[in-house]
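Data first, discussion second: the structure below is written as structure tokens.
The analysis underlying the following values was restricted to heavy atoms, covering all of them including side chains, and did not include hydrogens, waters or symmetry mates.
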Amino acid sequence: MEKSNYQLLKGISYPLDVRRLKRTQLKPLSKELREYLTQSVSISGGHFSAGLGTVELTVALHYVFDTPNDQLVWDVGHQAYPHKILTGRKDRMTTIRTRDGICAFPNRAESEYDAFGVGHSSTSISAALGMAIANKLKGKHDHMVAIIGDGSITGGMAFEALNHAGAIDANLLVVLNDNDMSISPNVGAMNNYLTKILSSKLYSSVREESKKVLSLMPSVWELARRTEEHMKGMIVPGTLFEELGFNYIGPIDGHDVDMLVDTLENLKHITGPRFLHIVTKKGKGYAPAEKDPLAYHGVPAFDPALDNLPKTKASSPTYTEVFGNWLCDMAAQDERLLGITPAMREGSGLVKFSEQYPKRYFDVAIAEQHAVTLAAGQACQGAKPVVAIYSTFLQRGYDQLIHDVAIQNLDVLFALDRAGLVGPDGPTHAGSFDNSYLSCIPNMLVMAPADENECRQMLTTGYQHSGPASVRYPRGKGPGVAIDKELNPLPIGKAQLRRQGENIVILAWGSVVAAAGQAGDELNATVVNMRFVKPLDEQVVLELAKTHDLIVTVEENVIAGGAGSAVNTLLHKHKILRHTLNIGLPDSFVEQGSREELLALCGLDHQGIAKQIHEFIK
């Protein structure tokens with residue numbers, strides 16, 4: 001990518017180069033950084049509007065702190081693209097989210113400047129606190145900074161960490177990046193002026209010395225303490241964080257790089273837990289992203305000179321759209337249906353439902369544990385909750401799934417989007433484990449559709465089932481099967497014979513059924529769409545085991561504990577000795593790439609399935 005127009009940025013390879021600049025150069029550097037980010041993402045696609053909002057903050061953090069000795073912990077990591085550009089990865093930005101390219105999120109293996117690997121939300125404060133504690137025990141005094149967004153801080157884990165940090169008086173700085181426009185009126189000259197005072201060494205020293213003196217006069221000390229809290233409460237919304245033991249500063253304009261540097265310099269010399277509240281605009285500096293930051297959160301390649309993203313041609317619906325349409329159709333028939341999502345309305349396909357049934361729609365913010373137990377409580381009162389959640393995010397509510405739903409055998413349906421490999425977002429977002437972690441739970445009904453119509457049928461099956469149920473489906477589109485508008489369930493635990501062959505039987509689940517069918521054609525193998533991970537169709541497995549020499553299981557899930565393992569256990573139980581081959585995801589974390597590339601890499605396309613069977617026979 002052409003760099004000659006970036007007069008300052010072309011001289012920046014690492015943060016040390018930023019720290020060599022004059023203060024007057026930081027504002028033009030921020031402008032160049034924002035332009036470079038726009039150009040690079042327009043070529044590669046990727047997370048966009050969040051990074052545009054953190055440009056000045058990123059410049060200020062690397063200017064003030066001695067990174068990588070001082071460590072920055074980014075929450076989720078969507079907003080860390082400017083950080084990557086300034087930390088040695090500028091020339092590789094157009095490879096982001098591609099096979100063998102740089103990661104979409106901070107990754108410890110990629111750079112020493114990525115202090116903590118991330119992809120899920122609300123982890124930054126816990127991680128930075130852990131680092132601060134370990135450093136203190138080693139006698140080190142490096143600074144630990146957690147940068148968290150107003151969405152991520154809704155996660156309960158963030159408040160657990162804040163509570164702990166304040167209680168142990170940890171040397172930690174938390175920066176809250178607030179891009180909620182409702183707080184914008186609080187930002188201005190008066191707030192900036194007050195923040196400079198509140199974060200200054202003079203204020204802090206007077207404050208601490210006053211505490212020592214006034215503590216000798218309890219009644220006067222209590223009056224002073226209450227007066228300070230009352231005055232600060234009137235001008236800053238920091239009462240909660242002060243109560244948790246943090247020295248709260250803000251809110252300030254997160255796009256004023258000079259103000260950020262002044263404030264961070266002051267906070268750098270204050271010890272203990274500090275909380276800096278900044279206000280930014282998501283999509284800052286690129287008009288279309290400012291207008292619609294949600295649409296520009298994650299983007300394909302686009303032309304930055306145009307005011308819109310490229311249109312995708314209408315074709316068969318994605319699995320997410322199949323779910324969204326089913327949800328509205330079922331809600332029209334059954335007023336007991338409630339829809340729940342942990343801050344993934346668009347990603348999980350609930351936009352139409354939220355508009356048509358607003359009183360039956362619940363976005364609980366980034367709180368997966370709460371989402372699951374909320375559903376359990378609703379089910380106790382006769383409601384029929386549907387939890388729309390990514391497979392990788394349900395992992396965060398696993399205890400609640402067992403303790404609050406399964407043990408009580410409650411009617412909760414889990415619609416698991418992004419099951420299996422997700423492609424460019426990499427291992428943090430892959431749904432590689434749900435066949436394993438769900439099928440081991442008593443009372444669970446676990447299903448995997450082979451196509452769009454079967455997905456609709458399974459959602460109906462799970463909804464009508466008495467007890468907890470799950471339907472796992474992949475990212476993107478299916479094979480393009482026509483969808484029946486009726487809401488018909490499937491017989492529970494019954495597989496479907498797709499092809500009759502000889503000697504070899506391929507038992508396949510969900511997204512890999514089509515590829516297994518192609519491999520079966522090549523090998524003249526029997527192919528079965530198993531449909532149910534739990535309960536397993538034991539009858540069909542046992543019958544086919546009598547007439548075939550090799551039993552092959554195929555699933556887009558880790559082999560350990562998956563559907564194939566259940567077949568092995570069944571055969572062992574009945575003392576049936578047959579050659580078995582389990583095909584699935586490897587016992588390693590699969591890195592990023594397109595979904596098609598990763599399926600081929602893992603041997604889960606039809607050529608890979610056929611090749612593994614050929615090699616096993618040899």
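Under the 3.5 Å distance criterion, the side-chain polar atoms of Lys90 are matched with a main-chain donor or acceptor of Leu9. Side-chain N or O atoms of Asp363 include one that pairs as donor or acceptor with a backbone N or O of Ala365 at under 3.5 Å. A donor-acceptor pair under 3.5 Å is absent between the side-chain atoms of Lys84 and the main chain of Met93, judged by distance alone. Remark: side-chain polar atoms of Ser40 are paired, donor with acceptor, to backbone N or O of Leu37 under 3.5 angstrom. A donor-acceptor distance shorter than 3.5 angstrom exists from the side chain of Glu242 to the backbone of Tyr248, with no hydrogens or angles considered. For Asn179 (side chain) and Lys282 (main-chain N/O), no donor-acceptor pair under 3.5 Å exists by modelled atom type. Between the side chain of Thr95 and the backbone N or O of Ile102 there is at least one donor-acceptor pair closer than 3.5 Å. Side-chain N or O atoms of Thr98 include none that pairs as donor or acceptor with a backbone N or O of Gly593 at under 3.5 Å. At least one donor-acceptor pair under 3.5 Å links the side chain of Thr341 to the backbone N or O of Met344.
Applying side chain to side chain donor-acceptor pair (under 3.5 Å) to Asn557 and the options Ser436, Ser391, Ser432, Ser511 leaves one that passes, Ser436.
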| Test log, rule side chain to side chain contact (heavy atoms under 4.5 Å, CB included), inputs Ser348 and Ile389 | CA-CA 7 Å; Ser348 293; Ile389 190 169; 5.8 Å; no
| task | Verify salt bridge (Lys or Arg N to Asp or Glu O under 4.0 Å) between Arg23 and Asp262, making sure each step is shown before the conclusion. | result | CA-CA 10 Å; Arg23 279 283 297 270; Asp262 284 338; 3.2 Å; yes
| message | Please determine whether side chain to side chain contact (heavy atoms under 4.5 Å, CB included) holds for the pair Val73 and Met144, giving the CA-CA distance in whole Å, both sets of side-chain angles, and the decisive distance to 0.1 Å. | response | CA-CA 8 Å; Val73 181; Met144 299 297 151; 5.8 Å; no
| query | Does the pair Asp178 and Ile153 meet the rule for a side chain to side chain contact (heavy atoms under 4.5 Å, CB included), with working shown? | reply | CA-CA 10 Å; Asp178 186 347; Ile153 208 167; over 6 Å; no
| field | Ile168/Leu129 under side chain to side chain contact (heavy atoms under 4.5 Å, CB included): CA gap, chis, key distance, verdict | value | CA-CA 10 Å; Ile168 63 173; Leu129 176 59; 4.0 Å; yes
| message | Using ring pair (Phe, Tyr, Trp, His ring centres under 6.0 Å), reason through Phe105 and His429 one step at a time and then give a plain yes or no. | response | CA-CA 11 Å; Phe105 306 97; His429 283 60; 5.0 Å; yes
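Electrostatic pairing of Glu110 and Arg89 counts as a salt bridge here, judged by a charged N lying under 4.0 Å from a carboxylate O.
Inspection of the Asn177 and Thr280 side chains reveals an N or O donor paired with an N or O acceptor under 3.5 Å.
Residues that satisfy the salt bridge (charged side-chain N to carboxylate O under 4.0 Å, His left out) test with Arg345, not counting sequence neighbours, are absent from this structure. Listed by chain and residue number, nothing satisfies the salt bridge (charged side-chain N to carboxylate O under 4.0 Å, His left out) test with Arg274 (two or more places apart in sequence, or in another chain). Partners of Lys140 under the salt bridge (charged side-chain N to carboxylate O under 4.0 Å, His left out) rule, at least two apart in sequence or in another chain, are Asp142. Residues passing the side chain to side chain contact (heavy atoms under 4.5 Å, CB included) test with Asp399, sequence neighbours excluded: His403. Residues passing the salt bridge (charged side-chain N to carboxylate O under 4.0 Å, His left out) test with Lys31, sequence neighbours excluded: Glu35. With sequence neighbours left out, Tyr319 forms a ring pair (Phe, Tyr, Trp, His ring centres under 6.0 Å) with no residue at all. Remark: Arg108 engages no residue in a side-chain hydrogen bond (donor to acceptor under 3.5 Å, both in side chains) (not counting sequence neighbours). Contacts of Ser13 classified as side chain to side chain contact (heavy atoms under 4.5 Å, CB included), with partners at least two apart in sequence or in another chain: Asp17. Looking at residues two or more places apart in sequence or on another chain, you find a side chain to side chain contact (heavy atoms under 4.5 Å, CB included) between Thr392 and His120, Tyr390, Gln395.
Contacts classified as side-chain hydrogen bond (donor to acceptor under 3.5 Å, both in side chains) and involving residues 584-600 (residues at least two apart or in different chains) are given here: Glu556-Arg595, Ser594-Glu597. Under the ring pair (Phe, Tyr, Trp, His ring centres under 6.0 Å) criterion, no residue pair touches residues 155-174, with sequence neighbours excluded.
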Quick one: side chains of residues 60-68, donor-acceptor pairs under 3.5 Å with protein atoms, not counting sequence neighbours, listed by atom name and distance.
{"unit_1": "His62", "atom_1": "ND1", "unit_2": "Thr67", "atom_2": "OG1", "d": "2.9"}
{"unit_1": "His62", "atom_1": "NE2", "unit_2": "His83", "atom_2": "ND1", "d": "3.0"}
{"unit_1": "Tyr63", "atom_1": "OH", "unit_2": "Leu21", "atom_2": "O", "d": "3.3"}
{"unit_1": "Asp66", "atom_1": "OD2", "unit_2": "Asn69", "atom_2": "ND2", "d": "3.1"}
{"unit_1": "Thr67", "atom_1": "OG1", "unit_2": "Arg19", "atom_2": "NH1", "d": "3.2"}

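Contact of the Asp425 side chain with the Arg97 side chain is registered, since non-hydrogen atoms from C-beta on lie closer than 4.5 Å.
The OH atom of Tyr81 lies 15.0 Å from the CG atom of Leu86; values are rounded to the nearest 0.5 Å. Distance check: Thr54 OG1 to His255 NE2 gives 9.0 Å after rounding to the nearest 0.5 Å.
The aromatic rings of His297 and His78 sit perpendicular to each other, their planes meeting at more than 60°, with 30° as the lower class boundary. Taking the six-membered ring for Trp and thresholds of 30 and 60 degrees, Phe241 and Phe275 have nearly parallel ring planes, at less than 30 degrees apart.
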